[in-house]
2 protein chains.
Amino acid sequence: MAEFKNIRIKDIAEMAGVSVATVDRVLHKRGKISEKALKKVMDALEKTGYKPNLIASTLGSNKVYRIAAMIPDPALDDYWNQSGAGIFKAKEDWSQYNVRIESFYFNLYEKSSFKQVAEKVLQFQPDSILLAPIFYHEALDFFDVLKEKGIPYILFNTNIPEAEPISFIGQDLYQSGRVGAEMLATKMKAPGNIAVLHIYEDIQNAVHLKEKERGFRDYFSDNRLEEFNIQSYDFGSYLVAEFDREVLNVLNRDSISGIFVSTSKGSYLAAAVLDKYGKKDLVLVGYDLLKDNIHYMYDGVINFLINQNPKKQAFLGVSYLVNYLLFKKQPPVTELFPLEVITRENIKSYLYSGLH
Amino acid sequence: MAEFKNIRIKDIAEMAGVSVATVDRVLHKRGKISEKALKKVMDALEKTGYKPNLIASTLGSNKVYRIAAMIPDPALDDYWNQSGAGIFKAKEDWSQYNVRIESFYFNLYEKSSFKQVAEKVLQFQPDSILLAPIFYHEALDFFDVLKEKGIPYILFNTNIPEAEPISFIGQDLYQSGRVGAEMLATKMKAPGNIAVLHIYEDIQNAVHLKEKERGFRDYFSDNRLEEFNIQSYDFGSYLVAEFDREVLNVLNRDSISGIFVSTSKGSYLAAAVLDKYGKKDLVLVGYDLLKDNIHYMYDGVINFLINQNPKKQAFLGVSYLVNYLLFKKQPPVTELFPLEVITRENIKSYLYSGLH
DNA sequence: TGTAGGTTTGTGTGCGGACACATTGTAGAA
DNA sequence: TTCTACAATGTGTCCGCACACAAACCTACA
């Protein structure tokens, strides 16, 4: 089909018996057009199935679009470091195009810094924003401003549906917990006590972690795996020394033989304890390919990791925005990443493979 | 960095005190240039770090690049059907650009058809080719022609290093076997007999399947899992009735409790036997998210699948070619895909997630 | 009937680069 | 010295679209 040359605006103009400017006007809904002209142009457009040449379009409008990416400071946390890498990659990939991509970092541990950075972002006057909305309330305030200003935004990592972003990129947390449960169940010997460890530093994480836990527990009940006893423990904040002791306490007191850690950072913190006290025989399931997690997986302390792919999430977020601005391509409302199961044998294939 | 406007050819020309045509000549190595002019231009290029505006470039040269994709007929096999889908997706994605992507299908079961199709591909006069080189010798002959004509090509799915393609896209088969072994080992109860089933219809597959088997066996020996006994069986071709009986024979005679199937189609064929004769308690590890495999995974007959991602492989192959032709971007020499472990709990997240 | 003021339509240039074609420069032959 | 042949360089147009600006067309009012 369509072995023909692509239809150009000029062709439409000729067919409709008007000038290119008129066609341009109906295409972009700018300026006023007479009923007759509108109809003629519309007819021609439909008949030909005109599609604009995006290459020529972006070249013609010399506009440079501005994209702001807001994430927690990569220097403070390896998980966000990977997100940062994804944004950097996107920056490189799109460097040839008329887009300016700028990163803005806030402090993962300070809500106030989010507000400050949000202010900076607004000063940057972005045409759209990619954002990891870690701080719920602060984010909502920010969204109000953005909506008012008509600046579209994409969320990733953490979803806030009521924010009505043009797209959310992340994972199904409930299902993620089920996968963790599944891996733990296949690896553990039947009867046994399982500990779900929530190790986090920021309260608002709690909601999300509970979602994982719900999936985790549901898996066991759905499959009637009653030989396993599940107990969950919160470590809201941790001081290195105390943390070790407390975790060890729990493991010994409740004679735990399997652990599910709901956070990426928590994964290696828990692994460190198992490693330090020679408890490698416990089955440990955690999250993400952080440097330390990789290490403990090679060492056999961590058995499975579920990959949230922070790098790819961020990369895709920026790419969606570029396509949205430059090529008027609407991103999917929600893009749920696959729940990748990482093991000792396939981990390398994940580390070395590109981002595509 | 580079808060400045992008450097244009015009700027370079001014800096070097020559015309844009001269700059164009050195950039494209066409026409003759004096030593002096060359030097001046080169200096300016280096000093400014000039990067061509690819948008303008593709618009300017009105050339339409032709890409041929050669794969086994999607209608005959669900695996290749997915590859076809990947090519189709790429076609849509790049439809706006100056590329014409054409698919050519050969019969998976007839070497002669490959030759015929190769002839057609040449007639199409492609600027480059994406190819799944299923038939080794026939492919080699074809490569000779392509090299002579100077037509670059990318291979996917099956590698033929001596063909020296500009890129290979696929998986590490050896490691793939190891992952299969790992999953089987975590799921099976200790002592047990394992069957490695090679179910294929084309001989040349054998080499690749042996590579998977090697990885599979190495995993067990490396981990000193001596409680498991591994036996491999070849089903070169199969007639439905006979196949069932033979497989059943093997399973009963050697009291098999775990199965590793090295092919995607073989996976559901084996699963069908287990299903039919009520042998769901056997652990089965196979390949790929084929329709029937998905079904048997939901039903609990197949325990793990390793995803080779045929759709994405093909999609990426075409995309690499487009970038290579249009934007002069060199693809990686080898792109090894992650060895994705699919389970009952994460399978949906794979089915519903996009291609990115 | 002339004209101000708004509405509708058209013309022309620029975006950055590719490339056909024109022009200038230069060395050797006549 | 003049002419030829080719090497070296330059000019101008086009790619398809966006958009500023100009022109033509109406309508209503004096």
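All values below were derived from every heavy atom in this structure, side-chain atoms included, with hydrogens, water molecules and symmetry-related copies excluded. In what follows, chains carry the letters A, B, and so on, assigned in the order in which the sequence lines appear, proteins first and then strands, with residues in each chain numbered from 1.
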Quick one: A/Lys10 NZ to D/dC15 P, roughly how many Å, whole number?
-> 7 Å
Flag this pair as yes if the NZ/CZ of A/Lys63 is under 6.0 angstrom from the six-membered ring centre of A/Tyr65 and inside a 45 degree cone about the axis; otherwise no.
-> yes
5' precedence on DNA chain D between A/Lys51 and B/Leu38 (nearest-nucleotide basis) = B/Leu38
Taking CD1 from B/Ile55 and P from C/dG16, how many angstroms apart are they, rounded to a whole number?
-> 12 Å
Using whole Å, report how far CZ of B/Arg8 lies from C1' of C/dG14.
-> 11 Å
Rounded to the Å, how far apart are A/Lys29 NZ and D/dA18 P?
-> 13 Å
Using whole Å, report how far CD1 of A/Ile33 lies from C1' of C/dT9.
-> 10 Å
Just the table, please: protein N/O against nucleotides 18-20 of chain C N/O, every pair under 3.5 Å.
{"unit_1": "C/dA18", "atom_1": "OP1", "unit_2": "B/His28", "atom_2": "NE2", "d": "3.0"}
{"unit_1": "C/dA18", "atom_1": "OP1", "unit_2": "B/Ser57", "atom_2": "OG", "d": "3.1"}
{"unit_1": "C/dA18", "atom_1": "OP2", "unit_2": "B/Asp24", "atom_2": "OD1", "d": "3.3"}
{"unit_1": "C/dC19", "atom_1": "OP2", "unit_2": "B/Arg30", "atom_2": "NH1", "d": "2.4"}
{"unit_1": "C/dC19", "atom_1": "OP2", "unit_2": "B/Arg30", "atom_2": "NH2", "d": "2.9"}

Has A/Thr22 got a side-chain N or O lying under 4.0 Å from the OP1 or OP2 atom of C/dT8?
-> no
Is it true that a side-chain atom of B/Glu335 and a backbone atom of B/Gly170 form a donor plus acceptor pair closer than 3.5 Å?
-> no
Over 12 non-hydrogen atoms of neighbours within 6.0 angstrom of NZ in B/Lys32 | no
B/Lys39 atom NZ is separated from D/dT9 atom C1', nearest whole Å, by 19 Å
Minimum heavy-atom separation for B/Ala68 to B/Val121, with atom names?
-> CB-CG1, 3.8 Å
Nearest-neighbour nucleotide for the B/Ser19 side chain, D/dA8, C/dG17, D/dG10 considered = D/dG10
Atom pair distance, as rounded to whole Å: NZ in A/Lys40 and C1' in C/dT8 | 12 Å
When the aromatic ring centroids of B/Phe124 and B/Phe104 are compared, is their separation below 6.0 Å?
-> yes
Between A/Ile67 and A/Val322, the two heavy atoms sitting closest are CD1-CG2, 3.7 Å
Nearest-neighbour nucleotide for the A/Ala37 side chain, C/dG16, D/dG10, C/dT9 considered = C/dT9
In whole angstrom, what separates A/Glu35's CD from C/dT8's C1'?
-> 13 Å
Heavy atoms only: give me the nearest A/Lys47-A/Met15 pair and the separation to one decimal.
-> CD-CE, 4.2 Å
